[in-house]
Amino acid sequence: MDELSRMCIHTVTTKPWDIETSIDEYARAGAGGITVWRDALQGRSIADVRRRVADAGLSIVSTCRGGFFPSVEPSKRQAALAENREVIAEAAELGAPLVVLVCGADPKQSLDDSRAQIVDAIAELAPEAERAGVKLAIEPLHPMYADAKSAINTMKSANDAAERIGSSAVGVAVDVYHIWWDPDLEKEIARCGELGKIFAFHVCDWRVPTRDFLLDRGLMGEGCIDIPKIRGRVEQAGFNGFVEVEIFSTEYWSGDQSEFLGRIVEAFKMHV
Ligand code: ZN
């Protein structure tokens with residue numbers, strides 16, 4: 001497999017494009033895979049999207065995203081489970097083998113309580129995901145999101161949760177943006193590999209300074225993350241799947257997306 005064919009792009013990376021344009025342009029650029037954000041499916045027949053992706057010669061790597069499990073209110077936890085069942089069904093229909101989970105947190109309760117609710121919820125969904133042929137990846141998020149987006153903030157925390165759930169359908173999505181700073185990274189990536197739970201690998205870069213907590217991710221090579229080193233660890237730990245480019249950036253979204261995709265390809269060759 002040539003190097004570029006291991007590149008997968010998240011539809012959110014080129015957010016101004018509709019999914020049809022994204023599929024065609026990613027394939028033309030030489031990417032091998034696409035990760036579909038659910039908002040890109042709005043108003044589409046999932047079967048049509050699946051066919052178009054296959055016709056373009058791309059693999060569907062995952063869908064983003066499920067999760068947001070914890071709440072002080074039991075009714076909201078139930079609603080989250082129902083929503084995630086839909087996400088799993090949608091992934092199966094789309095032919096996506098994996099759903100990425102942004103696990104959630106409720107600032108009205110402790111992070112420990114949120115973590116316990118996350119483990120319970122995923123444990124409940126795991127057998128259903130397994131039956132649907134879809135895996136679930138817990139994505140640890142940078143601790144700046146611990147208030148309301150995710151109570152799972154390190155590889156250790158994600159590994160612990162996946163290990164406790166104990167289902168072959170549940171693993172971890174390693175995103176360099178969220179975990180690059182962690183002094184235990186090497187050890188926990190190795191552990192995740194030993195558990196057979198590295199399900200996905202996401203790349204972008206950490207800009208210095210970062211001007212927005214959500215929408216200022218950098219192109220690979222533009223920031224301070226040693227992406228090749230982390231990729232090396234992940235691959236040493238046994239991962240040989242797609243390397244997924246996931247960039248949220250109001251700056252890049254405001255420019256020409258074809259030119260941006262060209263820069264992604266160059267950055268992927270040089271800095272990943
Ligand atoms: Zn990610």
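Order of appearance sets the numbers: ligands from 1, and atoms from 1 within every ligand.
Taking the six-membered ring for Trp and thresholds of 30 and 60 degrees, Tyr252 and Phe260 have nearly parallel ring planes, at less than 30 degrees apart. Between His142 and Trp206, the angle of the ring planes stays under 30°, which puts this pair in the parallel group of the 30/60° scheme. Taking the six-membered ring for Trp and thresholds of 30 and 60 degrees, Phe248 and Trp253 have ring planes inclined between 30 and 60 degrees apart.
Less than 2.8 Å away from the Zn ion (ligand 1), the protein contributes these N/O/S atoms: Glu139 OE2, Asp175 OD2, His202 ND1, Glu246 OE1.
For the salt bridge (Lys or Arg N to Asp or Glu O under 4.0 Å) test, residues two or more places apart in sequence or in another chain that qualify with Arg44 are Glu20.
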task = Step by step, work out the salt bridge (Lys or Arg N to Asp or Glu O under 4.0 Å) result for Arg191 and Asp160.
result = CA-CA 10 Å; Arg191 177 181 163 212; Asp160 288 349; 2.7 Å; yes
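Inspection of the Ser114 and Gln109 side chains reveals an N or O donor paired with an N or O acceptor under 3.5 Å.
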